[in-house]
Amino acid sequence: MIAPRPLKPRPRHRWRYLLALMAVLIAELLLFNMPHFLSLSTAGNQASSQSSTLIGSGLERNADGTLTVTEPTKAYIQVDRVRTKVGYVHVTFSDPRGGKDDAEPTQRDSSVQIRLDALAENSDDQQFWDAGNVVTVRENVDASTYIRSPAPGKSSEGLRLWIQEPTGSTVGVKGLDINPRVPFRVNVLRVAILAVIAVIILAFLPHSWLWRTRLRSGNRRQGLLLCGVLTPFALLAISVIVGSIAWPGQQIFHNANGYTYDFNQYGYIADALLHGRPWLDLKVPDQLLLSQNPLDIATRQKLLDQGVQPLYWDYVLFEGRWYSYFGVLPAIVLFLPYQAITSLWVPGGLMLPSEAANALLLFIAMVLMILLVIRIINRHFEAMPLAVVALGSITVITASNLVYLWHKANFYTVPFAASLVLSALGLWIWLGARRVSTQDGTRMWRFTDIKATLRDDLTTTLSLKRVALGSICLGANVACRPQFILACLLALPIFWDEIVALLSVKHVKYRYAGTIRAGKRVQALLLFAASAVLPAALAVIGALTYNLWRFGSPLDFGNLNQMTVVNLQTYQTPLGNIPHILGYYLAQPPSLGSRFPWISYAPAPLPHWQYTESGVGGILLLCPVLIVLLLLPSLRRTLRSRRLFGLACSLPALAVLIIVFDAYAGGFVWRYMADFGWLLGLSSVMVIASVAERRDGANPNAPGLATVSQSSASKAAGRGHVYHEGCARSLVIGLMTVLVLAGLLTSLLAGAAISMHSNSDAYAQMQSWFSF
């Protein structure tokens with residue numbers, strides 16, 4: 001047999017970096033500054049000397065120069081007899097201090113929704129209003145105040161600027177400057193974002209360093225690379241933690257004749273535990289206590305109309321006390337220690353802001369998800385490029401809904417973030433429980449050890465400490481987000497070989513399974529069962545004991561007594577809604593728009609009334625690469641040879657079970673996708689790795705997409721089907737790469753759609769980038 005000729009290393013494609021640099025410069029200097037260049041052609045055009053400005057009857061001019069909307073259908077500023085081509089219009093604002101430096105700024109909306117219309121003539125000399133798009137202008141974001149005319153190539157007779165704000169709004173819009181020269185700007189943040197996008201694209205191109213470099217556990221260079229990638233996220237998390245603690249935002253919202261929204265639930269739980277009581281130290285109105293059925297919707301609404309306060313939204317009312325139905329573990333681990341420590345210098349202590357807890361937990365969850373992906377690939381595959389690890393990490397992060405949870409940083413996201421941490425950590429520990437003995441101790445078992453183990457060259461053991469530690473992590477989910485407790489069922493596919501080896505007398509083919517040092521098989525089986533079940537059972541018993549302390553029943557989590565949109569004690573979920581909700585969770589159609597971020601919330605109508613929230617799309621839109629799960633049956637041989645087929649199929653099956661439960665118990669809520677999305681993401685990682693793994697061994701040092709075409713082409717003369725198979729695999733991997741990056745982009749745009757209301761300045765700044 002003739003040994004294959006070693007492949008020549010691919011030359012460094014320096015021209016790619018040069019093209020990327022040129023693309024970034026062209027985009028920044030030309031594309032994003034297109035308004036500047038377009039405005040040059042009309043910058044000298046002045047409005048007619050006979051032009052006049054009038055204010056619609058729907059606006060009232062105040063003494064300080066501001067405008068108050070009195071009738072939205074007539075709220076406009078109109079310039080007549082312009083009689084020139086209009087390219088751009090500059091929206092001007094009055095001085096917020098009235099021209100006096102020492103005066104207090106007037107109260108007005110700094111963010112204004114406007115629409116610019118142009119009066120033009122058609123070929124029949126008939127005039128008509130050409131309507132523009134609704135855009136947001138910010139008083140302190142100058143780039144957002146330049147608006148392009150809806151008819152830039154036509155002579156405009158008049159202009160009308162509509163103020164698209166509700167009645168009673170006060171805005172500082174002063175007037176219009178016609179045909180200004182839009183300033184030329186070079187934005188450092190925009191350049192940085194473009195550079196990051198270029199780096200990501202370059203990193204996943206064929207024959208890039210990520211595709212040519214093999215994953216090596218313990219490699220210092222690769223470890224430093226991972227730390228470098230995580231550093232910006234760590235700095236972001238630290239800034240959020242420090243900022244939210246140093247400058248805490250408003251957490252309590254009292255509404256006249258309405259519910260009170262208090263986002264300090266975990267802080268109240270920690271305070272209650274510190275004082276040795278299960279109930280929250282909050283006032284319960286006497287009228288609510290004296291009512292016959294406080295949870296009845298009509299009764300509550302009658303009390304609200306009478307001005308009874310406070311009625312806490314989404315709190316639990318039980319036997320005349322306020323409680324929280326959220327899991328207690330985050331309060332014990334984070335909120336209680338913070339309050340106890342701060343009580344050393346502040347009487348009673350301070351409450352940890354939910355934003356700080358979320359930032360910490362979500363960063364840890366992201367790190368653990370990446371480590372879990374690395375462990376799966378390192379344990380069950382070989383010759384795997386770093387690009388697959390990166391694609392798998394992005395897949396799990398987007399499928400886990402981490403982007404949404406990051407942008408919705410309130411107490412609702414704390415249990416999701418905590419359970420993602422516990423679940424990723426528990427599975428990571430379990431997958432490292434099977435050990436191989438070495439001269440230096442033990443290391444994690446890999447599927448490549450199977451042959452050596454069957455030859456008795458290696459000895460595998462099962463670390464019961466790791467089994468127990470992973471079990472207690474997964475069992476603790478019941479005290480965070482109970483749905484995640486179902487991840488304990490994954491012990492069956494993960495330890496299936498050990499279970500069969502312990503139960504079967506003839507288990508020669510399972511000699512690679514981890515052995516347990518015990519005198520008899522029965523003892524080993526009991527030790528394994530105790531290590532896998534007892535720790536999780538102890539965690540569950542702790543949570544159920546807390547329920548018994550609060551509500552007198554270990555199985556009562558309090559959710560049926562919560563103050564929400566319905567009386568959950570009498571409400572029954574319409575079964576006819578379940579198929580529709582399942583469809584929304586998986587493939588809700590998006591609502592697309594014509595301006596940044598081009599994606600917005602879409603409603604989720606149901607045939608029968610049930611509580612639902614709007615979302616930007618189903619999980620397949622936020623993470624389209626999940627469609628590769630359809631390839632699972634065709635990859636069963638590869639996955640079985642890697643001892644991974646059972647786990648790869650169990651993950652989506654468990655996800656479907658959780659989707660059905662969420663649809664029945666909670667309806668359609670965007671954040672609930674975190675319950676099952678991470679399971680689908682992990683299964684997709686196994687599919688991606690199975691497709692990308694080399695199977696011909698031509699050059700084990702150059703795995704993946706970078707060598708598929710080369711190794712296949714070298715055999716094309718004798719084995720043409722191998723060449724075609726390699727090309728097909730390359731196309732599939734390329735398509736999966738595009739889907740992964742598309743999902744990342746969609747998730748980021750969805751995050752921008754969430755943040756547009758909380759950070760209007762940043763949103764208006766980014767929206768102005770795409771004004772071309």
Side-chain angles (χ1 to χ4, degrees), residues 214-219 371-384 388-389 426-471 490-532 635-650 682 685-686 689-690 693-697 700-701 703:
R214 177 179 176 176
L215 172 65
R216 299 183 185 276
S217 59
N219 183 276
L371 294 179
L372 180 58
V373 169
I374 294 175
R375 173 149 291 186
I376 291 174
I377 293 176
N378 191 41
R379 188 178 192 255
H380 294 279
F381 299 93
E382 65 174 344
M384 191 59 59
V388 175
V389 178
L427 293 183
W428 183 83
I429 295 173
W430 270 0
L431 290 173
R434 188 186 295 178
R435 315 296 294 176
V436 174
S437 300
T438 63
Q439 295 179 351
D440 300 328
T442 63
R443 62 169 174 82
M444 183 187 69
W445 175 89
R446 300 185 67 239
F447 90 98
T448 52
D449 297 325
I450 292 178
K451 293 183 179 180
T453 306
L454 295 177
R455 294 194 307 263
D456 294 328
D457 295 337
L458 288 176
T459 302
T460 58
T461 58
L462 187 66
S463 173
L464 296 181
K465 293 181 179 179
R466 288 179 170 83
V467 174
L469 186 57
S471 177
L490 297 176
L492 293 175
I494 291 177
F495 299 113
W496 180 257
D497 294 338
E498 282 75 14
I499 295 173
V500 173
L502 289 171
L503 293 176
S504 176
V505 178
K506 298 180 180 180
H507 61 283
V508 179
K509 64 179 292 188
Y510 291 99
R511 279 187 296 165
Y512 55 83
T515 58
I516 301 174
R517 296 177 182 177
K520 297 181 180 180
R521 185 186 304 276
V522 176
Q523 292 177 331
L525 181 61
L526 291 176
L527 285 175
F528 172 72
S531 301
L635 296 171
R636 60 186 181 277
R637 291 184 178 179
T638 300
L639 292 170
R640 282 173 179 166
S641 68
R642 304 299 189 269
R643 309 306 304 156
L644 201 57
F645 185 66
L647 181 58
C649 293
S650 299
L682 287 177
V685 170
M686 301 172 191
S690 298
E693 187 183 37
R694 286 177 50 85
R695 298 177 178 85
D696 46 44
N701 294 321

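Index from 1, following the sequence. These values consider heavy atoms only, across backbone and side chains, with no hydrogens, waters or symmetry-generated copies.
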Checking [X] side chain against [Y] main chain: does a donor-acceptor pair fall under 3.5 Å?
| X | Y | result |
| --- | --- | --- |
| R521 | A501 | yes |
| E693 | M384 | no |
| E498 | A513 | no |
| T515 | T460 | yes |

Out of curiosity, [X] [atom1] to [Y] [atom2], how far, rounded to the nearest 0.5 Å?
| X | Y | atom1 | atom2 | answer |
| --- | --- | --- | --- | --- |
| S690 | H380 | OG | NE2 | 10.5 Å |
| R466 | M444 | CZ | CE | 10.5 Å |
| I450 | S641 | CD1 | OG | 8.0 Å |
| L644 | L431 | CG | CG | 8.5 Å |
| K520 | L526 | NZ | CG | 11.5 Å |

Partner set under side chain to side chain contact (heavy atoms under 4.5 Å, CB included) for [X], not counting sequence neighbours:
| X | answer |
| --- | --- |
| I516 | L462, L464, L502, A524, L527, F528 |
| L469 | I429, I472 |
| A648 | L632, L639, S683, M686 |
| V389 | L215, I374, I377, S393 |

- Non-neighbouring partners of W445 that pass ring-ring contact (aromatic ring centres under 6.0 Å, His included), sequence neighbours left out: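 In terms of ring-ring contact (aromatic ring centres under 6.0 Å, His included), with neighbours along the sequence ignored, W445 is linked to no residue.
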
- Task: Please list, chain by chain and in numerical order, all residues satisfying ring-ring contact (aromatic ring centres under 6.0 Å, His included) with F645, sequence neighbours excluded.
- Result: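 Result, ring-ring contact (aromatic ring centres under 6.0 Å, His included) vs F645: none returned.
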
- Taking side chain as C-beta onward, heavy atoms only, is F381 less than 4.5 Å from V388?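 F381 does not reach V388 side chain to side chain.
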
Residues in side-chain hydrogen bond (donor to acceptor under 3.5 Å, both in side chains) with [X], at least two apart?
| X | value |
| --- | --- |
| R379 | none |
| R517 | none |
| T448 | R446 |
| R443 | D449 |

- Item | Residues which pass salt bridge (Lys or Arg N to Asp or Glu O under 4.0 Å) with R455, listed by chain and number, not counting sequence neighbours |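 With sequence neighbours excluded, R455 shows a salt bridge (Lys or Arg N to Asp or Glu O under 4.0 Å) to D457, given in chain and number order.
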
Measure across [X] and [Y] and return the closest heavy-atom pair with its distance rounded to 0.1 Å.
| X | Y | value |
| --- | --- | --- |
| S437 | L458 | O-CD2, 4.3 Å |
| W430 | S471 | NE1-N, 3.4 Å |
| T442 | T438 | N-OG1, 3.9 Å |

- Task: Determine, step by step, whether F447 and E382 satisfy the side chain to side chain contact (heavy atoms under 4.5 Å, CB included) criterion, reporting the C-alpha distance in whole Å, the side-chain angles of both residues, the deciding distance to 0.1 Å, and the verdict.
- Result: CA-CA 9 Å; F447 90 98; E382 65 174 344; 4.2 Å; yes

- Task: Take L682 and L427, measure what side chain to side chain contact (heavy atoms under 4.5 Å, CB included) needs, and give me the verdict at the end.
- Result: CA-CA 11 Å; L682 287 177; L427 293 183; 4.2 Å; yes

